Structure formats: structure tokens, C-alpha cells
Amino acid sequence: MGEELLTAAVLAGAAVIAYAGAAARVVRQYEQGVVLRFGRLRSRVRGPGLTFVVPLVDRMHKVNMQIVTMPVPAQDGITRDNVTVRVDAVIYFKVVAPVDAVIRVEDYRFAVSQIAQTSLRSIIGKSDLDDLLSNREKLNQGLELMIDNPAVEWGVTIDRVEIKDVSLPETMKRSMARQAEADRERRARLINADAELQASKKLSQAAREMSETPSALQLRLLQTVMAVAAEKNSTLVLPIPVELLRFLERSAEAAEHRTAERSPAGPEDRRAAKEQEAVEGRQAPAGREAGAAPDGAGSSAALAGARPEAPETAGRHEPAGAPGDGARAPYADRPRPAAAAPVRGPAPTAPPVRDDDAGTAGCL
């Protein structure tokens with residue numbers, strides 16, 4: 001009898017152990033368990049730790065509550081400006097409602113993957129190429145909103161969406177490279193032009209300072225020659241500035257003028273100057289006796305009377321009222337002086353008679 005009781009107790013213990021082993025479930029810390037009994041949802045969600053379910057009656061679904069990283073396959077699309085691109089992305093999401101993730105959708109991972117692909121193709125068609133390349137933050141936010149709206153009903157929340165890469169055709173890459181190169185060249189030219197402008201202002205200021213002191217230009221030229229000659233590996237061509245030539249020309253003219261003032265005149269020049277002074281002295285009283293004639297007319301008449309005449313006309317006199325040169329009228333009743341003997345050396349030349357002086361003398 002005792003043996004039968006012992007055997008029954010052992011069998012009962014084994015049955016309890018077998019039942020406990022079949023009913024025991026372990027839920028990890030990052031998981032939650034959703035229990036369905038005969039296909040109906042149990043209200044209580046099993047938390048982390050050891051839990052028991054009724055074998056062959058309850059079925060528990062464990063839902064991972066961690067953030068899931070899912071790559072979105074690359075999608076080919078045409079942008080709004082008709083450029084064919086290939087874009088791939090990555091999505092970060094997690095389950096916040098395990099009951100909805102089990103009841104409302106068959107496989108929430110597959111659902112999130114499909115909605116991410118369709119949203120990515122849609123965002124490609126709505127955007128320009130420049131936005132895909134340079135304005136990714138705005139596109140990431142728009143893509144996140146497009147995926148998050150239907151995923152909320154599945155108990156899933158989208159944590160973040162990032163566009164990883166944008167693949168372009170080779171022809172488009174070459175075109176963009178040429179565009180970038182042209183833009184860089186334009187900016188370089190603008191910078192060079194600005195530098196030239198600033199340098200020209202400084203050079204003009206330096207030129208104004210050097211113009212006040214011509215020797216400064218020569219010193220600057222010598223400094224440039226010294227800097228070039230220090231290399232000793234090139235042929236030196238020395239430019240001569242125009243300002244330097246003008247300075248030398250002015251210096252030569254000033255030296256010639258000083259030399260002409262200091263050098264004494266020759267004997268013939270002194271004799272000619274004395275004869276010219278004697279002629280002007282003889283003509284001065286005649287000009288004063290004319291009285292009414294102005295200075296220009298008197299001097300013109302005196303010069304006219306001082307000029308030597310031909311032998312056949314030396315003793316001929318014109319009457320005072322006869323028509324002729326008006327400058328000779330005051331001297332009509334006087335004998336003309338004999339022709340002066342020729343002198344050696346250059347004859348003194350009388351100053352030219354102006355038209356206005358001759359006309360005035362004729363009127364008088």
C-alpha cells in the first residue's frame with residue numbers, strides 16, 4: 001500500500017513538473033507578452049520575467065520594444081526637374097503599443113518597410129535635385145511624417161528617418177562638376193578683380209606721393225633692380241620711365257639756359273648790338289616829333305625810315321598829300337638820310353611791323 005502511494009505521489013509530482021514546464025514562459029526585459037486564449041485577447045499584457053500560461057489553451061506573442069534599425073532599399077525615381085536618381089534611406093522605429101502591433105497588423109516590420117519605400121519614391125517625385133543634395137533635413141522631416149501617420153495605428157512610432165545616398169548618372173555628375181568649376185572660376189575672377197582694384201588705389205596713392213618728390217621714383221626703380229638682380233638667374237631688362245626722361249630733359253634745358261646766360265657774346269655780336277642801339281636812338285626823336293602818332297605808329301615810321309633804300313630812290317621825296325604809305329607822311333618835307341654803310345657781321349633786324357600799327361600810322 002505504501003509503495004502504491006509513493007508511486008502515485010511521484011507520478012503526480014512529475015505531472016505537475018511537466019505542466020509547469022509547459023505553462024512557464026520567460027519574457028525578457030526589452031519584451032512584452034500579449035496572450036491570446038482560444039484566440040481571444042487577454043486584457044493583461046505580460047511584463048518582463050517568469051510568467052505562466054495555460055498549455056494548449058493560451059498562446060503568447062512576445063513583442064520587441066527596442067528601437068529597430070531598418071534599411072530602406074534603394075529606390076529609382078525621377079525628380080520634379082526630370083532627373084533620374086537612385087535614393088536609399090534608413091529608418092529607426094519602435095513599438096509603443098504591443099497589442100496594436102499584434103492585433104492590427106499581421107507583420108508590422110514588413111508593413112513599415114513597404115510604407116517607407118513608397119514614401120521615399122513619393123518624396124523623390126516631389127523634390128528637385130538641388131533639394132535632394134543640399135536640403136536633406138527638410139526632406140527627412142517630410143519623409144518621417146509620411147511614414148509616421150499610418151504607423152501610429154499599428155502601435156509603431158517612427159523615431160527618425162535619414163536619406164543615406166543619392167546616386168546620379170555619370171553625365172549628370174560631369175555636368176555638375178563643370179558647373180561647380182565654372183562657379184569657382186567666377187569667384188576667383190571676382191576676388192582677383194577686387195584685389196586689382198585695391199592694389200590700383202594703393203598704387204595711385206603711392207604715385208601721388210612720388211610725384212611730389214621725383215627722386216623717390218628713381219630710388220624705387222633702383223630698389224626694384226636690386227630685388228631682381230639678387231636672383232642671378234635671369235636677364236635683366238631695365239625699363240626707363242617716361243617721368244625720368246622728362247626729368248632729365250628739364251634738367252638739360254635748365255643747364256643750357258644757365259650756360260647761355262653765363263657765356264660772353266662775340267665781338268661781332270657786340271658791334272651789331274651797339275649799331276642797333278644807335279639806330280634806335282636816332283629814330284626816337286623822330287617818333288617824339290610826330291606827336292599825334294601813337295607809339296606803335298611812331299616806331300613803325302622810324303623803322304621804315306631807317307631801312308636802306310635803293311640808290312635811284314634815295315633822293316626822291318613824295319609830297320605830303322600824295323597817296324602812299326601813311327607811315328611816311330610826317331617825313332615828306334625832310335630829306336631822307338643816306339643809306340648806311342654795310343657793317344660786318346649779321347645786320348640788325350628790325351622788329352616786324354604789325355598790321356594794326358601800320359593802319360594807325362596811315363590814318364594819322
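Just so you know, these numbers come straight off a predicted model, no measurement behind them.
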Between S134 (side chain) and D131 (backbone), is there a donor-acceptor pair under 3.5 Å? no

Test side chain to side chain contact (heavy atoms under 4.5 Å, CB included) on D88 and Q75 and set out the steps. CA-CA 6 Å; D88 57 351; Q75 302 297 314; over 6 Å; no

Evaluate D159 against F93 for side chain to side chain contact (heavy atoms under 4.5 Å, CB included), listing each step before the verdict. CA-CA 5 Å; D159 188 69; F93 67 93; 5.8 Å; no

Between A116 and V72, the two heavy atoms sitting closest are CB-CG2, 3.8 Å

Tell me whether Q223 at atom CD has more than 12 heavy atoms from other residues, nucleotides or ligands lying less than 6.0 Å away. yes

Looking at S204 and S200, would you say the former's side chain and the latter's main chain have a donor-acceptor pair under 3.5 Å? yes

Could you tell me which non-hydrogen atom of G33 sits nearest to which non-hydrogen atom of V27, and how far apart they are? N-CG1, 4.3 Å

Determine all donor-acceptor pairs shorter than 3.5 Å in which one atom belongs to a side chain in residues 143-151; sequence neighbours excluded.
{"residue": "D148", "atom": "OD1", "partner": "I158", "partner atom": "N", "Å": "3.1"}
{"residue": "N149", "atom": "ND2", "partner": "L145", "partner atom": "O", "Å": "3.1"}

Quick one: does S122's side chain have a donor or acceptor within less than 3.5 Å of a partner on S119's backbone? no

Is there a donor-acceptor contact under 3.5 Å from the side chain of D58 to the main chain of V35? no

N192 side chain to A188 main-chain N or O, any donor-acceptor pair under 3.5 Å? yes

Can E162 and R160 be said to form a salt bridge (charged side-chain N to carboxylate O under 4.0 Å, His left out), step by step? CA-CA 7 Å; E162 292 286 344; R160 193 170 184 178; 2.7 Å; yes

Show the numbers, then the answer: is there a side chain to side chain contact (heavy atoms under 4.5 Å, CB included) between T79 and D128? CA-CA 5 Å; T79 61; D128 295 332; 5.8 Å; no

Tell me the closest heavy-atom pair linking Q32 and P98, and the distance in Å. OE1-CG, 3.1 Å

For A111 and W154, which heavy atoms make the closest approach, and how far apart are they? CB-CZ3, 3.6 Å

Quick one: does T213's side chain have a donor or acceptor within less than 3.5 Å of a partner on M210's backbone? no

Could you list the residues that satisfy side-chain contact (heavy atoms from CB on, under 4.5 Å) with Q114, not counting sequence neighbours? F110, Q117

Partners passing side-chain contact (heavy atoms from CB on, under 4.5 Å) against K138 (at least two apart in sequence or in another chain): N135

What distance separates T118 OG1 from I115 CD1, expressed to the nearest 0.5 Å? 3.5 Å

What are the two closest non-hydrogen atoms of K94 and M65, and how far apart are they? CB-O, 4.2 Å

What I'd like to find out is whether the side chain of T84 reaches to under 4.5 Å of the side chain of D76, using heavy atoms alone. no

For T51 and R46, which I'm curious about, is there any donor-acceptor pair between the side chains at under 3.5 Å? yes

Kindly say whether V26 contributes a backbone atom to a donor-acceptor pair with the side chain of K62 at under 3.5 angstrom? yes

Begin with the C-alpha distance, continue with both residues' side-chain angles, and end with the deciding distance and a verdict on salt bridge (charged side-chain N to carboxylate O under 4.0 Å, His left out) for R28 and E31. CA-CA 5 Å; R28 298 183 181 90; E31 294 177 341; 3.2 Å; yes

For A22, is there any backbone N or O sitting under 3.5 Å from a side-chain donor or acceptor partner on R25? yes

Would you call I103 and D100 a side-chain contact if the rule is heavy atoms closer than 4.5 Å? no

Hey, does V68 have a side-chain heavy atom less than 4.5 Å from the side chain of R109? yes

Can you establish whether the number of heavy atoms outside L190 located under 6.0 Å from its atom CG is more than 12? yes

Show your reasoning for whether salt bridge (charged side-chain N to carboxylate O under 4.0 Å, His left out) applies to E212 and R208. CA-CA 7 Å; E212 298 178 358; R208 286 193 298 269; over 6 Å; no

Is a side-chain donor or acceptor of N64 paired with a backbone partner of Q66 at a separation under 3.5 angstrom? yes

In this structure, CZ of R121 is separated from CD1 of I78 (nearest 0.5 Å) by 13.0 Å

Could you check L133 against V166 for side chain to side chain contact (heavy atoms under 4.5 Å, CB included), going step by step and ending with a plain yes or no? CA-CA 7 Å; L133 297 176; V166 178; 4.2 Å; yes

Between M172 and V83, is there a side-chain heavy-atom distance shorter than 4.5 Å? yes

OH on Y92 to CD1 on I67, rounded to 0.5 Å: 10.0 Å

Flag the pair M70 / S113 as yes when at least one side-chain heavy-atom distance between them is below 4.5 Å, and no otherwise. yes

Is a side-chain donor or acceptor of N140 paired with a backbone partner of R136 at a separation under 3.5 angstrom? yes

Might you point out which heavy atoms bring Y19 and P55 nearest each other, and give the distance in Å? CE1-CD, 3.4 Å

